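Here's the structure we're looking at; comments come further down.
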Number of protein chains: 4
Amino acid sequence: MARAAASKTRTRIQREKTELILTAALEVFATYGYRGSTIDQIAGQAGLSKPNLLYYFDNKDAIHSRLLERLLETWLAPLHALDENGEPITEILAYVTRKLEMARDFPRESRLFANEILQGAPRILDQIAGPLKTLVDEKALIIRGWSQQNQIAPVDPYHLIFSIWSTTQHYADFDTQVSVVLGPRAATRFDDAARHLTDMFTKLLRP
Amino acid sequence: MARAAASKTRTRIQREKTELILTAALEVFATYGYRGSTIDQIAGQAGLSKPNLLYYFDNKDAIHSRLLERLLETWLAPLHALDENGEPITEILAYVTRKLEMARDFPRESRLFANEILQGAPRILDQIAGPLKTLVDEKALIIRGWSQQNQIAPVDPYHLIFSIWSTTQHYADFDTQVSVVLGPRAATRFDDAARHLTDMFTKLLRP
Amino acid sequence: MARAAASKTRTRIQREKTELILTAALEVFATYGYRGSTIDQIAGQAGLSKPNLLYYFDNKDAIHSRLLERLLETWLAPLHALDENGEPITEILAYVTRKLEMARDFPRESRLFANEILQGAPRILDQIAGPLKTLVDEKALIIRGWSQQNQIAPVDPYHLIFSIWSTTQHYADFDTQVSVVLGPRAATRFDDAARHLTDMFTKLLRP
Amino acid sequence: MARAAASKTRTRIQREKTELILTAALEVFATYGYRGSTIDQIAGQAGLSKPNLLYYFDNKDAIHSRLLERLLETWLAPLHALDENGEPITEILAYVTRKLEMARDFPRESRLFANEILQGAPRILDQIAGPLKTLVDEKALIIRGWSQQNQIAPVDPYHLIFSIWSTTQHYADFDTQVSVVLGPRAATRFDDAARHLTDMFTKLLRP
DNA sequence: AATGAATGAGTTTTCATTCAT
DNA sequence: AATGAATGAAAACTCATTCAT
C-alpha cells in the first residue's frame with residue numbers, strides 16, 4: 001500500500017535508491033536480457049537486499065518497463081534535434097555523429113533496446129508504434145523535402161534513417177564482435193567509424 | 001550414454017528428428033533468447049515430448065550450441081564468396097545483396113546470432129576470434145588491395161564490412177521496428193532496401 | 001509373456017547373458033548401492049542395450065534380488081563348513097581364514113551385502129531371519145558345546161561370530177580406508193590380517 | 001548469493017534451522033544413502049518446505065558434505081583420547097569401550113560413514129588420506145612403542161585398530177542383522193558386546 | 001533376441017514474489 | 001525502510017520402464 005512507487009511525494013533517499021536500482025538493472029538487463037537476468041543479480045549489483053529492491057519497484061517487470069520508458073526519450077533525442085532549418089547535409093551528418101556518440105557513451109542503453117526489439121518488442125511496441133513512428137514520419141518528411149528541393153541527392157528517407165541507426169548502433173550492440181575482429185585496432189574504433197560513416201553518408205547525400 | 005546423439009551411425013528417424021528439433025529450437029531461441037526459451041517450448045514446437053527431445057540432445061545447451069555451430073558456416077558463406085578476381089564494385093555489391101537476401105530468407109538465424117553477440121558471445125567467442133576473424137582479415141586485405149590500386153575509392157575495409165553487416169542484418173534483427181515504422185510500405189521493404197543500399201555502397205566505393 | 005525369465009527351459013545363450021548381466025550388476029550395485037545404480041550403467045557394463053537387459057530381467061529390482069538370493073548361499077558356505085566333529089580351535093580358525101579369503105576374493109559380494117544390511121535389509125530381511133539365523137543358531141550351539149566342555153575358553157558364541165564377520169569383512173567393505181591408511185603396506189594387507197586375526201582368535205579361544 | 005549459508009553472522013533461527021536440517025538429513029542419509037535420499041524426504045523429516053531447506057543449504061550435496069565434515073571430528077575423538085602416558089592395556093580397552101558407546105549412541109553417524117566408505121569415499125577421501133591417516137599413524141607409533149617395551153603383547157598396531165573399528169562399528173552398521181540374529185537377546189547386545197570385546201582384546205594384548 | 005524410440009513420474013534446482021518483523 | 005525467512009510455480013534434467021519393429 002505505502003509503496004514508494006505509489007506515493008507522489010518522493011524523498012531524496014527514495015529518488016536516490018530508485019536511480020541506484022535503475023542503473024544496476026540497466027547493466028544487468030543489457031548484458032543478460034530480461035529472462036536471463038534475476039532480481040538477485042540486480043539487487044546484488046545495486047548493493048541492496050532483494051526485498052528492499054522490491055520495496056521500490058513492484059516487480060521485475062516494473063523495473064524493466066521503467067528503463068524502457070526513459071530509454072525512448074534519450075533514444076529519440078538525437079533525431080528530435082534534426083533541424084528543418086539547418087543545412088541539410090550538415091544536419092544529417094550531425095545526427096549520425098550524435099548517434100555514434102550515443103553508441104559510444106551509452107552502449108548498455110543501446111543493447112537494452114536491441115534486446116527488446118529482437119524479441120519482438122513485447123513491452124514497447126506501443127512506444128514504437130506511437131511516439132517513435134510519429135517522430136520518424138515527421139523527420140522523414142523533412143528529409144524528403146530536402147531531397148525534392150535537390151538540397152540532397154534523392155534518397156528514401158526511411159531507409160536512410162535505418163542505415164544511420166544500424167551502422168551506429170552496431171558499435172554498441174555488436175561491440176564484442178567488433179572488438180575481436182579489429183583486435184588492437186579496436187582502440188580507435190569510434191574515431192575510425194566516425195570518419196568512415198561521415199564519408200559514406202556524405203557521398204550518399206551530396207546532390 | 002547410449003544417447004542417440006552419441007552414436008555414430010544415424011538412422012533416418014534420428015536425422016529427421018534432429019532436424020525437426022533444430023528447426024523448432026531455432027524458432028524459439030531466435031524469438032526468446034537462450035534463457036527465455038524453455039525445453040518445453042521447443043519440444044512443443046517440435047511436437048515431441050520433453051524427454052523424447054532430450055533423447056536426441058543431451059541438454060538445452062547442446063541444442064543451442066549445435067545451432068550456433070551450423071550457423072557460422074551459413075553466416076560466413078556470403079563473405080567467402082567475395083572473389084578477389086572479380087570486378088571490385090560488382091563483387092562488393094553482390095555481397096551486400098547476398099547478405100540482404102539472407103536477412104530476408106533467414107531472419108531467425110540472424111536473430112539467433114544477434115542474441116548471442118549482444119550477450120557477449122559467451123558460447124561462440126572462439127568461433128568469432130577464430131574462423132570469423134580469419135575470414136574477415138583475409139577479405140579485408142583484398143578490399144584494401146582494390147583500394148590501393150584505385151579500383152575502388154579509399155575506404156577502411158573493416159568498417160565497410162561492419163556497415164554492410166549492420167545495414168543488412170538490421171532488416172532481420174529489427175524487423176519489428178522496421179515494419180511498424182514503415183507501416184504499409186513494409187511490404188516492399190527488402191526491395192526498397194536493396195535499392196537504397198546498392199545506391200549507398202555504389203556511391204561510397206566509386207573511385 | 002515370452003520373457004526369458006519366465007520360461008523354464010533355458011538356452012545356453014540365455015544362461016550366458018543372464019550371468020553376464022549379473023556380473024555387471026554386481027560390480028555396479030556393489031559400488032554405487034541400489035538407488036545409486038542405473039540400469040544404463042549395468043547395461044553399459046554388460047555391453048548390452050537397456051531394453052535387451054530388460055528382456056532377461058523384469059526390472060531393476062529383479063536383478064538385485066537375484067544377486068542377493070545367490071549371495072546368501074555363497075555367504076553362508078564358510079559357516080556351513082564349520083564341523084562339529086573337528087578340532088574346535090582349528091575349526092574356528094579355519095572359518096576365520098575362509099571368511100578372510102572371501103573378503104579378498106569376493107569383495108563386491110561383501111559390499112553388496114553390506115549395502116543391503118546398512119539400509120535395513122529391506123530386500124533380504126526374510127533370508128536373514130530365516131536361513132541365516134537358523135544356521136547361526138545351529139553353529140552357536142556347537143560352539144557353546146565346545147565351550148561348556150572346556151575345549152575352548154568360555155565365549156559368547158554369537159558375539160564371537162559377529163567379531164569374525166566384522167573383522168574379516170572389514171577388509172572388503174572398508175578397503176578404501178584400509179588401503180589409504182596402510183599406504184604402501186596395503187600390498188600385504190590380507191596376509192598381515194590373516195596373521196593378526198589368527199593370533200587374536202587363538203588367544204581368545206585357548207582354554 | 002544472499003544465501004543464509006553464505007552470510008557470516010548467523011541469527012538464532014539460522015542456527016536452529018541448520019541444525020534441524022542436519023539432524024533430519026543424518027537420519028535420512030544414514031538410512032537410504034546419498035542417492036537413495038531425496039531433498040523432499042529430508043525436508044519432510046525436518047518439517048520444512050523444500051525451497052526453505054534450500055534457503056539454508058545450496059544443494060543436496062552441501063548438506064551431505066557438511067554432515068561428513070562434522071562427522072570426522074566426532075569420529076576421531078575416541079582415538080585422539082588414547083593417551084601415550086596411560087597404562088597401555090587400560091588405554092586400549094577404554095578406546096574399545098568408547099568406540100562401542102559411539103556405535104550405541106550414534107549409530108546413524110556410523111552408518112553415514114560406512115555408506116561413504118563403501119562407495120569408495122568419493123566425498124571424503126581427502127579427509128581419510130589427511131587427518132585420519134595422520135592420527136592413525138601417530139597412535140600406531142605409540143602402540144608399537146608399548147609393544148616393543150613389552151607393555152603389551154606383540155601386535156600389528158594397524159590391524160589392531162582395524163579390529164577395534166570393525167568389531168565395534170558392526171553393532172551400529174549391521175544392527176539390523178545383529179538384532180534379528182540375537183532375537184530377544186538383542187536387548188542386552190551392547191553390554192554383552194562390551195564384555196566379549198573387553199575379554200577378546202585383553203587376551204590379545206596381555207604380554 | 002535385440003534395439004531404437006518414446007514417455008511418465010520423479011528429483012533437483014531456480015526464482016519471482018510474499019510474509020513477518 | 002529494511003531484511004531474514006518462506007514458498008509456489010516453473011524449469012532442467014534423470015531414469016525405470018514400455019512400445020514397436
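A, B, ... follow the sequence lines: proteins, then strands. Residue 1 opens every chain. Every value quoted in this text rests on a predicted model; they were computed, and no experiment measured them.
Within the 4.5 Å cutoff, the side chain of I124(D) has no heavy atoms near those of the L71(D) side chain. Side-chain contact between T74(B) and E109(B): absent, with no pair of heavy atoms (C-beta onward) separated by less than 4.5 Å. In this structure, T11(C) and E16(C) have side chains that are not in contact, with every pair of non-hydrogen atoms separated by 4.5 Å or more.
Of the candidates dT12(E), dA16(E), dG4(F), dG4(F) carries the atom nearest the Q14(D) side chain, counting heavy atoms from C-beta on. Taking only side-chain atoms of Y56(C), from C-beta outward, the nucleotide of dA1(E), dA5(F), dA12(F) with the closest atom is dA1(E). Comparing dA12(F), dA16(E), dT14(F) by their closest approach to the side chain of L54(B) singles out dT14(F).
Atom CG in L48(A) sits about 15 Å away from atom C1' in dG4(F), given to the nearest Å. dA16(F) atom P lies 14 Å from atom OH of Y32(C), rounded to whole Å. In this structure, CG of D40(A) is placed 12 Å from P of dT17(E), rounded to the nearest angstrom. Rounded to whole Å, the distance from OH on Y34(B) to P on dA11(F) is 14 Å. Distance L53(B) CG to dT14(F) C1': 14 Å, rounded to the nearest Å. Here the P atom of nucleotide dA11(F) and the NE2 atom of H64(B) are 17 Å apart, to the nearest Å. Atom OH of Y55(C) and atom C1' of dC19(F) are 16 Å apart (whole Å). Summarising the geometry, the separation between NZ on K60(B) and P on dA11(F) is reported as 9 Å, rounded to the nearest angstrom.
Positionally, the nearest nucleotide of DNA chain F for S49(D) lies more toward the 5' end than for the other of S49(D) and S37(B). A residue-by-residue look at P51(D) and D61(B) shows that P51(D) has its nearest nucleotide of DNA chain F further toward the 5' end. Mapping N59(A) and K50(C) onto DNA chain E via the closest heavy atom, the residue that lands nearer the 5' end is K50(C).
Pair assignment for dA20(F): dT3(E), on the basis of Watson-Crick or G-U wobble contacts that are both within less than 3.5 Å. Using the Watson-Crick or G-U wobble rule with both distances under 3.5 Å, dT11(E) pairs with dA12(F).
I13(B) comes within contact range of the sugar-phosphate backbone alone, with a heavy-atom separation under 4.0 Å but no base atom that close. Looking at heavy-atom distances under 4.0 Å, K17(A) makes contact with sugar-phosphate atoms alone, never a base. Counting non-hydrogen atoms under 4.0 angstrom, N52(C) reaches a base of the nucleic acid. Contacts of R35(A) with the nucleic acid, taken as non-hydrogen atoms under 4.0 Å apart, involve only primed sugar atoms and P, OP1 or OP2.
Checking side-chain atoms of E27(B) against main-chain N and O of R108(B) turns up no donor-acceptor pair under 3.5 Å. Between the side chain of K60(A) and the main chain of S37(A), a donor-acceptor pair closer than 3.5 Å is present.
Distances shown here put a side-chain N or O of T11(B) below 4.0 Å from the OP1 or OP2 atom of dA5(E).
Just one of Y34(C), Y32(C), F113(C) meets the ring-ring contact (aromatic ring centres under 6.0 Å, His included) condition when paired with H64(C); it is Y34(C).
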